[in-house]
Amino acid sequence: MDCSDGSHPKMIRGTIIPADFYKSDDVVAIAQQLLGKVLVFQTERSKVAGCIIETEAYAGITDKASHAYGGLLTKRTEVMFREGGIAYVYLCYGLHALFNVVSSARNTPHAVLIRGIIPLEGLDIMESNLGRKVNIVKDGIGPGRLTRLLGISKALNGVRLDGAAGLHISDYGIQIDAEAIISCPRIGVAYAGEDALLDYRFKVDVDYAIGQIKKGSPELRPASL
DNA sequence: AACAAGATTAACT
DNA sequence: GTTAATCTTGTTA
């Protein structure tokens with residue numbers, strides 16, 4: 001049984017990533033550095049958390065795969081143009097909420113798509129979100145799957161990632177070695193011409209990540225592992 | 001005003 | 001391997 005009233009003394013482990021982290025212009029570096037960090041979403045009644053294991057960088061107005069390519073400013077992309085450190089959540093294919101971290105300065109619409117997590121905390125909430133038992137490996141991998149698992153919806157579009165709206169990213173001391181990061185082209189961006197070839201997708205092996213989670217945060221092991 | 005395509009997924013054959 | 005589900009936006013008329 002989890003204590004879900006938010007005041008559990010044992011829960012204080014992670015350090016919320018400072019606002020400055022998100023202000024860098026180097027969206028590729030941010031995408032890499034987010035691997036191993038912990039995405040947390042909590043409300044008064046619930047808390048869920050997962051270790052980020054897959055990301056993609058979208059490099060603003062010069063990247064043909066980016067929604068903000070060419071400086072395209074619409075109701076949907078508007079949050080990408082704000083100062084880094086907020087969430088960009090949009091509906092993909094009319095069905096799936098996709099969660100991105102907006103980075104860089106105002107009017108530099110860089111973003112990192114979170115594509116995979118390993119569930120760490122709040123398995124009971126996740127099970128409720130899915131309406132069935134959680135598969136620790138499968139249910140957190142896929143940009144649409146992880147938002148459903150964590151309960152992240154478009155309602156969180158534009159919120160700061162400092163925890164004020166319940167959403168934040170923390171460093172729990174999970175170490176991801178540079179050699180463990182696999183780079184490859186992004187998924188589903190064939191329309192982006194030569195930019196579809198860029199190695200802007202970053203991930204780590206699931207088993208490696210689980211090992212590093214156990215090493216870095218012994219008490220916070222992936223549930224059921 | 002109508003239509004196609006998209007940073008996807010689950011359920012089929 | 002194929003396809004249905006179905007919202008936002010740009011393009012075409």
Side-chain angles (χ1 to χ4, degrees), chain A residues 22 26-35 37 39 48 50 52-82 84 86-104 108-119 126-159 161 167 169 181-204 206:
Chain A
Y22 301 104
D26 192 344
V27 67
V28 166
I30 290 179
Q32 293 167 330
Q33 288 162 13
L34 283 174
L35 297 173
K37 300 299 187 295
L39 177 59
V48 289
I52 297 169
I53 61 164
E54 184 177 334
T55 62
E56 277 176 2
Y58 286 85
I61 65 173
T62 62
D63 180 354
K64 287 181 177 154
S66 167
H67 290 164
Y69 175 64
L72 183 67
L73 179 61
T74 65
K75 192 184 253 184
R76 182 177 67 159
T77 63
E78 175 266 324
V79 299
M80 296 180 78
F81 288 80
R82 299 190 206 166
I86 62 174
Y88 168 42
V89 186
Y90 76 96
L91 206 56
C92 186
Y93 295 105
L95 299 164
H96 311 288
L98 267 56
F99 170 74
N100 298 255
V101 172
V102 174
S103 68
S104 194
T108 304
H110 291 177
V112 175
L113 171 66
I114 307 301
R115 292 191 59 93
I117 59 150
I118 292 176
M126 295 180 186
E127 191 166 320
S128 160
N129 288 342
L130 287 189
R132 57 172 165 77
K133 286 232 166 205
V134 175
N135 180 316
I136 294 294
V137 174
K138 282 191 187 168
D139 289 328
I141 298 177
R145 287 202 191 100
L146 71 90
T147 54
R148 179 174 175 213
L149 188 70
L150 298 176
I152 292 173
S153 72
K154 268 198 332 181
L156 293 168
N157 190 33
V159 305
L161 297 174
L167 202 57
I169 300 175
I181 299 177
I182 299 157
S183 309
C184 54
R186 294 169 292 187
I187 299 292
V189 297
Y191 59 86
E194 69 272 20
D195 288 343
L197 303 175
L198 296 168
D199 282 345
Y200 276 6
R201 180 183 180 208
F202 306 100
K203 56 180 176 175
V204 293
V206 172

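Every heavy atom of this structure was used, including side-chain atoms; hydrogens, water molecules and symmetry mates were not. Chain identifiers are assigned alphabetically (A, B, ...) following the order of the sequence lines, protein sequences preceding nucleic acid strands; residue numbering begins at 1 within each chain.
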(message) I need the A:L113 CG to A:L34 CG distance, nearest 0.5 Å.
(response) 11.0 Å
(message) Distance check needed: B:dT8 C1' versus A:E54 CD, whole Å only.
(response) 13 Å
(request) Take atom OH of A:Y93 and atom P of C:dT9, then tell me their distance rounded to the nearest Å. (result) 16 Å
(request) Measure from NZ or CZ of A:R186 to the centre of the six-membered ring of A:Y200 and say whether it is under 6.0 Å with the direction within 45° of the ring axis. (result) no
(request) Among A:T147, A:I152, A:L146, find the residue that satisfies the side-chain contact (heavy atoms from CB on, under 4.5 Å) test when tested with A:I114. (result) A:L146
(message) As a test of reading the structure: which of B:dT9, C:dG10, C:dA5 is closest to the side chain of A:L72, going by heavy atoms?
(response) C:dG10
(message) Using every non-hydrogen atom in the two residues, find where A:I30 and A:S103 come nearest and quote the distance to one decimal.
(response) CD1-CB, 3.6 Å
(request) Remember a base hit wins even if backbone is also touched, and classify A:R76 as base, sugar-phosphate or nothing at under 4.0 Å, heavy atoms. (result) sugar-phosphate
(request) Could you please name the option among C:dG10, B:dT8, C:dC7 that lies closest to any side-chain atom of A:L91? (result) C:dC7
(request) State whether A:K154 places a side-chain N or O below 4.0 Å from either non-bridging phosphate oxygen (OP1 or OP2) of C:dT8. (result) yes
(request) Measure from the side-chain heavy atoms of A:K75 and tell me the nearest of C:dC7, C:dT9, B:dG6. (result) C:dT9
(request) Would you indicate what A:K64 reaches in the nucleic acid, counting non-hydrogen atoms under 4.0 angstrom: base, sugar-phosphate, or nothing? (result) nothing
(message) Testing the basics here: between A:A87 and A:V79, what is the closest heavy-atom pair and its distance to 0.1 Å?
(response) O-CG2, 4.2 Å
(request) Grab the CZ-C1' distance between A:F99 and B:dT9 for me, whole Å please. (result) 20 Å
(message) To the closest 0.5 Å, what do you measure between CG (A:L73) and CZ (A:F81)?
(response) 5.0 Å
(message) Given C:dT6, B:dT9, B:dA10, identify the nucleotide with an atom nearest to the side chain of A:L95.
(response) C:dT6
(message) How many whole angstroms separate atom CZ of A:R148 from atom P of B:dT8?
(response) 17 Å
(request) Give DNA chain C the dot-bracket treatment, 5' to 3': Watson-Crick (N1-N3 with N6-O4 or O6-N4) or G-U (N1-O2, O6-N3) under 3.5 Å, [ ] crossing, | other strand. (result) |||||.||||||.
(request) Using whole Å, report how far CD1 of A:I141 lies from P of B:dA10. (result) 12 Å
(message) Taking only the C1' atom of each, what is the distance from B:dA10 to C:dT8 in whole angstrom?
(response) 22 Å
(message) Measure NE2/A:H96 against C1'/C:dT8 and give the value in whole Å, please.
(response) 14 Å
(request) Kindly point out which of C:dA5, B:dT9, B:dT8 is positioned nearest to the side chain of A:C92? (result) B:dT8
(request) Please say whether more than 12 non-hydrogen atoms of neighbouring residues, nucleotides or ligands are located less than 6.0 Å from OH in A:Y88. (result) yes
(request) May I have the distance from A:Y90 (atom OH) to B:dT8 (atom C1'), rounded to whole angstrom? (result) 9 Å
(request) Quickly work out the A:N100 CG to C:dT8 P distance and round it to whole Å. (result) 16 Å
